[in-house]
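Report on the structure given below.
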Amino acid sequence: MKFTAEQIAGILEGEVVGNPNAEVFRLSKIEEGEEGSLTFLANPKYINHIYTTKASVTIVNDSFVPESDIATTLIKVEDAYVSFSKLLEFYNQVKLNKNGIEPQTFISEGVKYGENLYLGSFSYIGQNVVLGDNVKIYPNSFVGDNVVIGDNVHIFAGAKIYSETIIGNNCTIHSGTIIGADGFGFAPNEDGEYSKVPQIGNVIIEDNVDIGANTTIDRATLGSTIIRKGVKLDNQIQIAHNVEIGKNTVIAAQTGVAGSTKIGENCMIGGQVGIAGHLTIGNNVRLQAQSGVARNIKDDEILQGSPTFGYSDFSKSYVHFKNLPKIVTELEELKKQIINPKNGNNG
């Protein structure tokens with residue numbers, strides 16, 4: 001797909017300096033620019049590259065004035081970084097704007113779907129599923145019975161959406177994600193074995209949620225596991241049964257949240273954090289990577305460590321921890337002086 005500098009300038013409301021007919025069909029870093037590529041200059045640290053880049057078109061701030069000759073065509077905008085981000089979003093929308101139902105798909109009875117549906121090959125849609133407008137379901141995906149999916153949802157290849165799941169508008173679910181699998185519910189019996197507790201709840205995902213690849217969100221035992229509006233989940237995260245995650249909370253990769261824990265709004269949770277079950281975590285909480293949480297957390301706390309404690313206290317304590325061998329040696333020396341004072345420096 002090719003675009004001219006003039007067309008791009010129209011999208012960004014920018015000004016072309018150079019050849020308005022310069023064509024681009026790929027994106028690149030400014031230092032790696034080749035003929036036919038589009039790049040941008042926002043960081044002054046990279047300014048030298050604009051005089052050597054082979055990119056056909058470069059987006060720059062409107063304050064930029066070249067100090068010597070340049071070969072690339074410029075598009076001047078108010079903020080080059082913001083404009084390039086806008087262009088990436090536009091490019092992504094064009095690239096992902098697939099339509100139609102490919103061969104070798106299976107659509108069960110009672111399915112309802114809106115306009116501009118894309119259904120990739122070898123996908124399965126269960127009974128009584130409802131799909132909104134502009135839903136894109138990529139190949140090898142599974143959507144179980146009675147699932148409801150809103151508008152503008154992307155479900156990438158190999159994702160599995162179990163029955164009764166509800167997904168809102170403008171959500172993205174990446175490859176390998178599993179939503180609605182049984183929660184980890186087993187009860188010991190008199191023989192010392194474990195009997196499965198039926199998991200008959202569901203998962204509710206509200207609007208504007210992004211879920212990374214190979215993340216799992218378990219259905220509730222009863223009621224719902226709930227992911228509120230604007231939540232962003234990274235790859236390889238485990239969300240257990242009956243968990244609730246408040247709106248606009250972000251969680252990094254390899255974090256696990258045990259059953260029935262409630263996480264508040266606008267929290268930031270680092271990678272490899274472990275959160276025990278049946279806890280309440282307040283709003284605006286920050287959990288540093290690899291923290292272990294085993295207690296309730298109040299609003300606005302910033303924590304680190306396993307078990308967690310205050311971030312500033314953790315940082316101070318870590319300084320002492322690194323010096324423990326030295327501290328132990330000094331204590332041993334003091335102990336010897338106390339036991340054998342003649343060996344000391346007491347004169």
Side-chain angles (χ1 to χ4, degrees), residues 106 108 122-129 140-148 155 157-167 173-205 209 211-228 231 233-246 249 251-264 269-281 287 289-297 305-308:
F106 185 85
S108 302
F122 306 107
S123 293
Y124 175 95
I125 308 298
Q127 293 182 357
N128 303 315
V129 168
N140 295 304
S141 296
F142 170 86
V143 179
D145 297 344
N146 306 312
V147 168
V148 176
I155 299 174
K160 306 294 185 284
I161 314 297
Y162 282 42
S163 64
E164 277 73 46
T165 296
I166 299 173
I167 300 173
I173 299 168
H174 283 283
S175 295
T177 288
I178 298 176
I179 298 174
D182 282 357
F184 192 61
F186 296 89
N189 58 33
E190 57 187 14
D191 297 325
E193 299 175 341
Y194 287 87
S195 300
K196 184 174 179 60
V197 177
Q199 308 290 293
I200 62 172
N202 74 337
V203 175
I204 297 174
I205 297 172
V209 172
I211 301 172
N214 293 320
T215 283
T216 55
I217 303 174
D218 292 344
R219 68 173 57 242
T221 306
L222 294 170
S224 300
T225 302
I226 304 175
I227 312 299
R228 297 291 184 192
V231 167
L233 302 179
D234 199 357
N235 304 329
Q236 298 180 322
I237 289 172
Q238 162 64 21
I239 305 297
H241 59 88
N242 292 95
V243 167
E244 182 174 338
I245 300 178
T249 284
I251 303 179
Q254 298 183 3
T255 287
V257 185
S260 299
T261 283
K262 310 301 180 189
I263 299 175
I269 299 174
Q272 296 186 333
V273 170
I275 302 175
H278 302 274
L279 299 180
T280 299
I281 295 174
L287 296 174
Q290 296 189 325
S291 292
V293 181
R295 63 174 177 85
N296 294 334
I297 298 175
S306 184
T308 52

Could you grab the distance from atom [atom1] of [X] to atom [atom2] of [Y], nearest 0.5 Å is fine?
| X | Y | atom1 | atom2 | result |
| --- | --- | --- | --- | --- |
| Ile297 | Ile275 | CD1 | CD1 | 7.0 Å |
| Glu244 | Ile204 | CD | CD1 | 9.5 Å |
| Thr216 | Ile239 | OG1 | CD1 | 7.5 Å |

Partners meeting side chain to side chain donor-acceptor pair (under 3.5 Å) with [X] (sequence neighbours left out):
| X | answer |
| --- | --- |
| Gln236 | none |
| Thr261 | none |
| Asn189 | Ser195 |
| Asp182 | Lys196 |

Looking only at heavy atoms, what is the nearest atom pair of [X] and [Y], with distance?
| X | Y | value |
| --- | --- | --- |
| Ala159 | His174 | CB-O, 4.1 Å |
| Ala240 | Ala258 | CB-C, 3.6 Å |
| Ala252 | Gly270 | CB-C, 3.6 Å |

Partner set under side chain to side chain contact (heavy atoms under 4.5 Å, CB included) for [X], not counting sequence neighbours:
| X | value |
| --- | --- |
| Thr177 | Ile173, Ile179, Ile211, Thr215 |
| Ala289 | none |
| Thr221 | Val197, Gln199, His241, Asn242 |
| Gln290 | Gln272 |

Glu164: what forms a salt bridge (charged side-chain N to carboxylate O under 4.0 Å, His left out) with it, not counting sequence neighbours?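 Here no residue qualifies.
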Would you please name every residue forming a ring-ring contact (aromatic ring centres under 6.0 Å, His included) with [X], sequence neighbours left out?
| X | answer |
| --- | --- |
| Phe142 | Tyr124 |
| Phe186 | Phe184 |
| Phe122 | none |

Evaluation steps, side chain to side chain contact (heavy atoms under 4.5 Å, CB included), between Ile251 and Asp234: CA-CA 6 Å; Ile251 303 179; Asp234 199 357; over 6 Å; no
Is it the case that the side chain of [X] and the backbone of [Y] share a donor-acceptor pair, with hydrogens and angles ignored and the cut-off at 3.5 Å?
| X | Y | answer |
| --- | --- | --- |
| Ser175 | Ala213 | no |
| Arg219 | Ser163 | yes |
| Asn235 | Ala253 | no |
| Thr255 | Ile237 | no |

Ile125 and its side chain to side chain contact (heavy atoms under 4.5 Å, CB included) partner, picked from Val147, Asp145, Val143: Val143
Name of the residue among Val243, Ile178, Thr165, Leu233 meeting side chain to side chain contact (heavy atoms under 4.5 Å, CB included) with Ile217: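 With Ile217 as partner, side chain to side chain contact (heavy atoms under 4.5 Å, CB included) holds for just one option, Leu233.
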Does the side chain of Ile269 reach to within under 4.5 Å of the side chain of Ile263, using non-hydrogen atoms?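 Yes. Closest side-chain heavy atoms under 4.5 Å.
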Do Gln238 and Asp218 have a side chain donor and acceptor closer than 3.5 Å? yes
We want to know whether Asn202 and Ser224 form a side-chain donor-acceptor pair, criterion being a heavy-atom distance below 3.5 angstrom. yes
